[in-house]
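So the structure is just underneath, and the comments pick up after that.
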Amino acid sequence: MRLELDKCTVRPWTLADVRDLVRYANDKAVWANLRNHFPHPYTEGDARQYINFSNSQKPLCNYAIEVNGRAAGSVGFLLKKDVYANSIELGYWLAKEFWGQGITTCAVRAMVSYIWKEFDPIRVYACCFDWNKASGKVLTKCGFHLEARLERHVVKDGRLGDELIYAMIKK
């Protein structure tokens, strides 16, 4: 899948993206809004491992967000299993220098459309930390509603916070 959008392109990762991935992912401001399995510092080895993992998935679930010819972020999803099989979790991040330009909203909208079309889930959801107001705004602009606040549910870099769960439900 390759989606040419107004503000960005959503496309598969390639090993040619290693340098950009390290450059943009190795930012504590990005890391602070993501789960701990996203490493910091972010090394070339981390980038190669992530790209190889992403390209080995069947179906492909993780994509680069390309801005001005550079892989500046990621958008993807996790197909849930077992009793959660009708749900898909969405995740994303974007390099700090591109924040506030509508790029993430554009990429998330496109990915959500792709998910509904290709997988037909009952529920698509995304989680963010309460201090990441911009992420909540992205999700709201894309049609998600705040479904739950899990109070004092996350600890990131010694900071205790709430996890917010935004969802879209097929009626």
Side-chain angles (χ1 to χ4, degrees), residues 1-14 17 21 24-25 30-38 50-67 71-95 98-156 161-171:
M1 175 197 59
R2 183 178 180 93
L3 302 172
E4 301 284 346
L5 308 169
D6 290 342
K7 296 179 182 264
C8 64
T9 298
V10 174
R11 59 156 177 84
W13 287 98
T14 71
D17 296 322
L21 182 52
Y24 293 124
V30 170
W31 170 84
N33 293 309
L34 300 172
R35 293 179 183 158
N36 284 338
H37 68 266
F38 189 92
Y50 177 72
I51 290 168
N52 288 330
F53 165 75
S54 294
N55 291 331
S56 72
Q57 295 175 304
K58 302 288 187 251
L60 202 63
C61 298
N62 294 302
Y63 295 86
I65 300 173
E66 181 181 303
V67 181
S74 186
V75 62
F77 55 92
L78 180 61
L79 300 170
K80 304 306 268 187
K81 298 178 182 178
D82 197 24
V83 297
Y84 309 106
N86 289 319
S87 292
I88 294 179
E89 183 177 4
L90 177 73
Y92 51 88
W93 66 268
L94 186 68
F98 300 108
W99 291 359
Q101 299 175 38
I103 295 166
T104 306
T105 300
C106 182
V108 167
R109 272 193 187 121
M111 184 57 67
V112 169
S113 292
Y114 173 75
I115 289 168
W116 286 121
K117 180 181 170 200
E118 295 297 320
F119 300 98
D120 195 35
I122 293 173
R123 182 173 183 274
V124 178
Y125 72 98
C127 305
C128 63
F129 306 141
D130 62 338
W131 58 79
N132 190 352
K133 306 289 185 216
S135 190
K137 287 180 184 177
V138 164
L139 293 167
T140 301
K141 287 179 190 175
C142 291
F144 288 76
H145 70 276
L146 179 60
E147 184 179 64
R149 174 184 289 269
L150 305 178
E151 294 181 6
R152 303 171 58 91
H153 190 63
V154 296
V155 177
K156 181 71 178 191
D162 298 351
E163 182 176 36
L164 307 178
I165 302 172
Y166 288 80
M168 276 186 182
I169 311 295
K170 183 188 290 182
K171 301 296 180 185

- Item | Carboxylate-amine/guanidinium proximity below 4.0 Å for Arg149 and Glu151 | no
- Across all chains, not counting sequence neighbours, the salt bridge (Lys or Arg N to Asp or Glu O under 4.0 Å) partners of Lys170 are Asp120
- Query: Is Val124 close to Phe77 at the side-chain level, that is, under 4.5 Å between some pair of heavy atoms?
  - Reply: no
- Query: Is there a donor-acceptor pair closer than 3.5 Å between any side-chain N or O of His153 and the backbone N or O of Gly161?
  - Reply: no
- Message: Applying side-chain contact (heavy atoms from CB on, under 4.5 Å) to Lys156 and Asn36, what does each step give before you reach the verdict?
- Response: CA-CA 7 Å; Lys156 181 71 178 191; Asn36 284 338; 2.9 Å; yes
- Message: Within the structure provided, determine whether Ser135 and Asn33 are in side-chain contact (heavy-atom separation under 4.5 Å).
- Response: no
- Side-chain heavy-atom pair Phe144, Leu90 within 4.5 angstrom cut-off: yes
- Item | Charged N-O contact under 4.0 Å between Asp6 and Arg109 | no
- So, the side chain of Ser74 versus the backbone of Tyr92: is there a donor-acceptor pair under 3.5 Å, distance only? no
- Message: Between Trp99 (side chain only) and Leu94 (backbone N and O only), is there a donor and an acceptor less than 3.5 Å apart?
- Response: yes
- Just one of Met168, Glu89, Glu147 clears the side chain to side chain contact (heavy atoms under 4.5 Å, CB included) bar with Arg123, so which one? Glu147
- Note on the structure: Sorted by chain and residue number, the ring-ring contact (aromatic ring centres under 6.0 Å, His included) partners of Tyr125 (sequence neighbours excluded) come out as none
- Item | Check: Arg11 and Leu3 side chains under 4.5 Å, non-hydrogen atoms | no
- Query: Under the side-chain contact (heavy atoms from CB on, under 4.5 Å) test, which residues partner Tyr84, sequence neighbours left out?
  - Reply: Lys80
- Message: Do Ile51 and Thr14 make a side-chain contact, defined as non-hydrogen atoms from C-beta onward lying under 4.5 Å apart?
- Response: no
- Message: If I take atom CG from residue Leu150 and atom CD from residue Glu163, how far apart are they, to the nearest 0.5 angstrom?
- Response: 5.5 Å
